[in-house]
Participant: 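Okay, handing you the structure first.
Computation of the quantities below employed the complete heavy-atom set of this structure, encompassing side-chain atoms and omitting hydrogens, waters and symmetry-equivalent molecules. Just so you know, ligand 1 is whichever comes first in the structure, and atom 1 is the first atom listed for that ligand. Index from 1, following the sequence.
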Amino acid sequence: MADSKIRNEIHVFINGVEHRIGGEKAFLPLAQYLRTHSLPGTKVVCAEGDCGACTVLASKLKQTSAAAVEWTSFQTINSCIAPMYLFDMGSLVTVEGLSEQEELNEVQDQMRAFHGGQCGYCTPGMVCALSSLAESSHCSGKNISEKKARNHLTGNLCRCTGYEPILQAATHLDLSKWKPLKDKYLTASQAQGFAVRLNDSLMIEAGSRRFSAPASFTVAVDQKNQSPETRLVAGATDLGVLHNKGKVFLDNAMSLHKIADTEKIDIRADGVWVGARVTLTQLENFVANTLPELSRLLRIFASPQIKNQGTLVGNVMNGSPIGDSIPALLALEARVHLQSVTGLREVPLSQFYKAYKVFDVKPNEIATGVLIPVLGTEWKSRFFKVSLRKDLDISAVTFAAALKLDGTRISEARFAMGGVGPTVVRLPELEKAAQGQKFSEALFADLGKQVRSLIKPISDLRASHEYRLKVAENLFKKCHLELEQEIPCP
Ligand SMILES: Cc1cc2nc3c(=O)[nH]c(=O)nc-3n(C[C@H](O)[C@H](O)[C@H](O)COP(=O)(O)OP(=O)(O)OC[C@H]3O[C@@H](n4cnc5c(N)ncnc54)[C@H](O)[C@@H]3O)c2cc1C
Ligand code: FES
Ligand code: FES
């Protein structure tokens, strides 16, 4: 590998062609860059990450050892909210890159055969999403069931065709006819070409705009110290939406994606370490066995496109009172690591959220990751999200419970809720009330009654104050009902 250099342009393959992008263009949303550079197949409808019309496939080159690099497998992302500068050393495939010499690929062919499109506005996004499903199913040798197709398409809306023909196209894919995209677009020679530039840092300026991606934490904290107003960008699934709505201007931004350590997710003596750039999809898969309840919760977090791009640290640092991971992280007693020029601080999340969007973070600090303690076998947990629809929706109320049991007696209880006040809250009064008690229906009914006087939910578009109170009460009953199956009471 070559020594790290500073580049003022990003290098990225788009449908196998290398693009070098600097200046203003590096700040464009990816979809806008594509559409203004002869690739108008990618559509923009909502520009908020909600509809999937802008779906493209993305891979990136990763260092796997001191001398080896590897492409990650293609995953879908929403190109409308992702700034171009995040894709340095990446390989992107748009709908134009799917067909071969005017010949439709297997997904396009089945979509045609089953009449999977009418106005066609959602179709490029649907085809890209289904192509990523075909690619991963081809690699794993697994068939595509209707359930799998439905789950994979939660981030793609169609307003006129109806989903039945699209699902039929998905389940009729003949994977023996699938020509893997990785063979065409993720080749060893493309990797070699990029490998010598992989560790370069980025500093792109355009007028008053500045984007940096340092190659080490030392440089990152130094830059943040010199310029505390610099905004950290992770996957930009929150920031990209705010930017498109004109609420946040990412004129001075920094990403940690050139620091390999930020991609780490591993099990340590004190829990699961989730680096600042670990995506929600990676987390969902990684904790399937160690923290299965967290993994289960993440299944209904946003859509595949958002989870492939968005990070856990982004969710924590965005600190929304309805951030879905936060109640679970509070119940697991997770800690965020904050680094500055003066050193590292480990802050328990229970002390991190001070008021609505007011956090215990200093202007010169950056988050390097989150440590999530793993519960021992004596613990039982339940994490719930209640929203108007199951998939791709913002929560009305979220709930997390972790109970340490000594037989049927609760020796320690942790409860946290979101959507019930200006921050996600822990409920120490209820934790105390449950401690030492027998796990029983009566106890949880009582905790549900008590919670009503401890929370202060507002009424908004998603739910009324009274509805949230009722849901909060009922979630305690649901928690008992579900755990009853696991805690046999004598
Ligand atoms: C369509 C759609 C659906 C969504 N669904 C859900 C959902 O179901 N549940 C949910 O909770 N959220 C949801 N979100 C919100 C969002 O996807 C999550 O909050 C996600 O975890 C944000 O991660 P990110 O990496 O994209 O963060 P970014 O947008 O990059 O950043 C978010 C915040 O974190 C800060 N930040 C990022 N990295 C660091 C760092 N290293 N140090 C300090 N600060 C940092 C940024 O400055 C910013 O303030 C959804 C968003 C969209 C667009
Ligand atoms: S345009 Fe709707 S998700 Fe991007
Ligand atoms: S074909 Fe018209 S929105 Fe899907």
Participant: Can an N, O or S atom be found in Cys54 less than 2.8 Å away from atom 2 (Fe) of ligand 2?
Facilitator: no
Participant: Looking at atom 4 (Fe) of ligand 2, is there an N, O or S atom belonging to Cys80 that lies under 2.8 Å away from it?
Facilitator: yes
Participant: I'd like to know if atom 47 (O) of ligand 1 has any protein heavy atom within a distance of less than 4.0 Å.
Facilitator: yes
Participant: Using modelled atom types and a 3.5 Å cut-off, is there a donor and acceptor pairing between side-chain atoms of Lys354 and backbone atoms of Gln351?
Facilitator: yes
Participant: Answer yes or no: does atom NZ of Lys258 have more than 12 heavy-atom neighbours from other residues, nucleotides or ligands under 6.0 Å?
Facilitator: yes
Participant: Please test Asp360 against Arg345 for salt bridge (Lys or Arg N to Asp or Glu O under 4.0 Å), starting from the C-alpha separation and ending with a verdict.
Facilitator: CA-CA 10 Å; Asp360 178 9; Arg345 285 198 307 137; 3.3 Å; yes
Participant: Could you check whether any side-chain heavy atom of Leu133 comes within less than 4.5 Å of a side-chain heavy atom of Leu130, counting everything from C-beta outward?
Facilitator: yes
Participant: Would you check whether Gln305 reaches within less than 4.0 Å of ligand 1, judged by its heavy atoms?
Facilitator: no
Participant: Can you tell which of His243, His337, Lys385, Lys357 gets a heavy atom nearest to atom 8 (O) of ligand 1?
Facilitator: Lys385
Participant: Okay, side chain of Asn105, backbone of Val107: is any donor-acceptor separation there less than 3.5 Å?
Facilitator: yes
Participant: Tell me whether Cys158 has at least one N, O or S atom under 2.8 Å from atom 4 (Fe) of ligand 3.
Facilitator: yes
Participant: Polar contacts were defined as any N/O atom of the residue lying under 3.5 Å from an N/O atom of the ligand; does this apply to Met317 and ligand 1?
Facilitator: no
Participant: Given the side-chain rings of Tyr353 and Phe359, with only the six-membered ring counted for Trp, is the space between their centroids under 6.0 Å?
Facilitator: yes
Participant: Would you say atom 2 (Fe) of ligand 2 has Cys46 as a near neighbour, meaning an N/O/S atom of that residue under 2.8 Å away?
Facilitator: yes
Participant: For atom 1 (S) of ligand 2, what is the closest protein heavy atom, and at what distance to 0.1 Å?
Facilitator: Val45 N, 3.2 Å
Participant: For atom 1 (C) of ligand 1, find the nearest protein heavy atom and state the residue, atom name and distance (0.1 Å precision).
Facilitator: Gly49 O, 3.1 Å
Participant: Are Lys25 and Glu9 within salt-bridge range, i.e. N to O under 4.0 Å?
Facilitator: no
Participant: Quick one: look up the protein heavy atom nearest atom 3 (S) of ligand 3 and list residue, atom name and how far away it is.
Facilitator: Arg159 N, 3.2 Å
Participant: List ligand 3 atoms under 4.0 Å from Gly120, heavy atoms only on the residue side.
Facilitator: 1 (S), 2 (Fe)
Participant: Give a yes/no answer: is there an N/O/S atom of Cys160 under 2.8 Å from atom 4 (Fe) of ligand 3?
Facilitator: no
